[in-house]
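Take a look at this one; I'll ask things after.
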Amino acid sequence: MRHPTDGTLRRLLDEPEGVADADREHVAGCPVCRSGLAGVQDDAAFAGAALRFEDAPDTDEGWRRLSAAVEAGESPPAGARSPRWRTTLGRPVVAVAAAVALLTGATAAAATDWLQIFRTEQIAPVTIRQADLLKIPDLSGYGEVRFTEQARIRQVADAAAARAASGLSVPEVARLPRGVSGDPEFHVGNRVSAEFTFSAEKAAKTAAATGQTLPPPPAGLDGSRFRLTAGPGVAAVWTQGRGMPALIVGRAVSPTAYSSGVPFATARDYLLSMSGLPEDVAAQLRTFTGDGRTLPVHVMAEELTSRPADVNGVPATVLTSRDEVLAAVVWVRDGVVTAVAGPLSGDEVLTVARGLRWER
Amino acid sequence: MVTPAGPGAVRADLEQVFRTAYPRVVAVAARVLGSRDEAEDVAQEVFLTFCRSSVPAGESAGWLSVAAAHTALNHLRSGRRRASREEAAGEPRNALSPDVADTVVAIEERRRVRAALARLPRKQAIALVLRHSGLSYTEVAAALDLSPGSVGTTVRRAESALRKELNRHASSH
């Protein structure tokens, strides 16, 4: 196998549990990597010593100084940096917008001025009747949606090229399911992102058009901007020359939302209140919005069923079509969504998922 | 921009957040600036911004660390350090503990560390300082809009570049 990158060796020093087992095992048995690791460790220790600071400040004195400045109405000087901080948007809207971003995709936003709201770490299915899906609002009715990075999906030569293009490794399938053979094609997609600016005026018009009166927006929501990103992503696709994929193993950096504005709970509750979702579904959504780390998968009850499962200890969701023609298993780890899907049974996709070899 | 809590309103949890987070905020800035006094100035600026913000309390520690790193680097790069602070960097109470100082960096070298940090790409410098301030890979990733997987690469590049910069200057002296 290929040697893990320097970045992987660096993380091995700090957070070994964040490094794939295959990489850990490789390093343990590889003289080249062990030597590399020693160099990485040496530089890390050098930097640690150069940046060391142990002199505790006087908190009481600091507080007196700040209190006096606040009292005097002082403003921070121009050099003070105010990071745009995270606050989470109503999850249904995040899910919809992330999906929209995935499908459509637009000028690079000032990424460094934004901080992350959340990165999805779990997936929870929400069952919604197909008719209800139509009631989820198009965000353009509530403000301006601008795509800042467009989706570009392309085929690349092999797993190494896919990894180089996306930054994501593609696991090997230990044993292909019955009826699937040969080598996969590799596809990569860049990161897509969209910016959404809430407009109270637009929202009021949208509400009026459906005969509703818009509740007054919470302070600060009008004009608040939200940025949603998804990807990059990579997929290995076995087509068997039949056009339709026989098996797909895909990975993508989880949809992530950033905000410049209002607190999460405020925006969430307000947006939920006008989402058009039936109250029971809205309530269900509210229950898992607490930590902002759950990606809801909207399951169309007429077509798909879902059940919880685990992939080597990581919680996962198995989605199966009612006619049992298609199945997928989806899970999230370290901010990356992985999915195994195909015209297979739920058990078959789970077997593939559990047997993936995370070599690089 | 962070949304103001209201016109002129100072957040109610300011003192509680301040007392919990102040030492860490000073430490983040001091890693960049090599001076406690100057780091305390940066911390004051950061808390002045924070006090009228609506950053959720649970996220304040991360926000403050990131703001401290950015603001301290702004100080380095804009050359806004005051002459008195230059002197302060050399005062004994700002020095590293003797055992470390003896083996790695003397006070004069703190100045070179600052210069080296100022020459690093912004993202690398921030990742390096936040990581060495104890933020997890996930937190650094969130602060810099990176995937957790690429934080290791960024930190590694920063450490390698920092060492090269310092060694280059050490050998030229």
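Chain identifiers are assigned alphabetically (A, B, ...) following the order of the sequence lines, protein sequences preceding nucleic acid strands; residue numbering begins at 1 within each chain.
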Inset, instruction - Using a 4.5 Å cut-off on heavy atoms from C-beta on, say whether the side chain of B/Leu117 contacts that of A/Leu51. - result: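 Answer yes - side chains close enough.
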
Inset, instruction - Would you please name every residue forming a salt bridge (Lys or Arg N to Asp or Glu O under 4.0 Å) with A/Glu71, sequence neighbours left out? - result: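 Counting only residues at least two positions away or on another chain, A/Glu71 forms no salt bridge (Lys or Arg N to Asp or Glu O under 4.0 Å).
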
Inset, instruction - Name the option with the most non-hydrogen atom pairs under 4.5 Å to chain B; the candidates are A/Pro57, A/Pro232, A/Ala44, A/Gly167. - result: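 Highest number of heavy-atom pairs under 4.5 Å: A/Pro57.
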
Inset, instruction - For A/Glu15 and B/Tyr137, indicate whether the former's side chain and the latter's backbone hold a donor-acceptor pair under 3.5 Å. - result: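 The answer is yes, because a donor-acceptor pair under 3.5 Å joins these two groups.
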
Legend entry - Whether over 12 other heavy atoms sit under 6.0 Å from B/Gln16 CD: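 No - once you tally the heavy atoms of other residues, nucleotides and ligands closer than 6.0 Å, there are 12 at most.
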
Legend entry - Inter-residue atom distance A/Ser67.OG - B/Phe18.CZ, 0.5 Å rounding: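 The distance works out to 7.5 Å.
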
Legend entry - Any side-chain heavy-atom pair of A/Asp6 and B/Thr153 under 4.5 Å: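 Answer no - side chains too far apart.
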
Legend entry - Basic-acidic side-chain contact under 4.0 Å: B/Arg19, A/Asp60: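 Judged by the 4.0 Å cut-off on N to carboxylate O distance, B/Arg19 and A/Asp60 do form a salt bridge.
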
Legend entry - Polar side-chain atom of B/Glu159 near backbone of A/Asp43 as donor-acceptor pair, under 3.5 Å: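 No; judged by distance alone, with no hydrogens or angles, the pair does not exist.
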
Inset, instruction - Provide the closest heavy-atom pair for A/Phe53 versus B/Ala27 in the form atom of the first, atom of the second, distance. - result: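 Minimum heavy-atom separation between A/Phe53 and B/Ala27: CD2-CA, 3.8 Å.
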
Inset, instruction - Any chance you could lay out the side-chain contact (heavy atoms from CB on, under 4.5 Å) test for A/Thr5 and B/Arg156, step after step, and finish with the verdict? - result: CA-CA 10 Å; A/Thr5 64; B/Arg156 167 70 187 133; over 6 Å; no

Inset, instruction - Working to the nearest 0.5 Å, report the span between CZ of A/Phe46 and CG of B/Leu166. - result: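 If I round to the nearest 0.5 Å, the distance is 4.5 Å.
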
Legend entry - chain A contact via B/Ser133 - side chain, backbone, both or neither, heavy atoms under 4.5 Å: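 Contact with chain A: none, neither part.
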
Legend entry - B/Tyr22 vs A/Leu66 side-chain heavy atoms within contact, under 4.5 Å: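 No - every pair of side-chain heavy atoms lies 4.5 Å or more apart.
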
Legend entry - Heavy-atom side-chain contact between B/Val151 and A/Arg11 under 4.5 Å: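 They are not in side-chain contact.
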
Inset, instruction - Specify the closest pair of heavy atoms between A/Ala47 and B/His132, including all atoms of both residues, with the distance to one decimal. - result: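 A/Ala47 and B/His132 have their closest heavy atoms at CB-NE2, 3.9 Å.
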
Inset, instruction - Answer with side chain, backbone, both or neither: which region of B/Ser160 has an atom nearer than 4.5 Å to a non-hydrogen atom of chain A? - result: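 Both parts, backbone and side chain.
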
Inset, instruction - For residues A/Asp14 and B/Arg131, determine if any side-chain heavy atom of one lies less than 4.5 Å from a side-chain heavy atom of the other. - result: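 Side chain of A/Asp14 against side chain of B/Arg131, heavy atoms only: contact under 4.5 Å found.
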
Legend entry - Set of residues satisfying salt bridge (Lys or Arg N to Asp or Glu O under 4.0 Å) with respect to B/Arg31, sequence neighbours excluded: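 Partners of B/Arg31 by the salt bridge (Lys or Arg N to Asp or Glu O under 4.0 Å) criterion come out as none, since no residue qualifies.
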
Legend entry - B/Glu40 and A/Arg65 ion-paired at < 4.0 Å: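 Looking at B/Glu40 and A/Arg65, the cut-off is not met.
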
Inset, instruction - Can you tell which part of B/Leu14 gets under 4.5 Å to a heavy atom of chain A, answering side chain, backbone, both or neither? - result: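 Its backbone and side chain both get close to chain A.
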
Inset, instruction - Between chain B and each of A/Ala56, A/Gly48, A/Gly39, A/Gly62, count heavy-atom pairs under 4.5 Å; write down the option with the most. - result: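 The candidate making the most pairs under 4.5 Å is A/Gly62.
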
Inset, instruction - Name the region of B/Arg157, side chain, backbone, both or neither, that has any atom closer than 4.5 Å to a heavy atom of chain A. - result: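 When you check distances to chain A, no heavy atom of B/Arg157 falls under 4.5 Å.
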
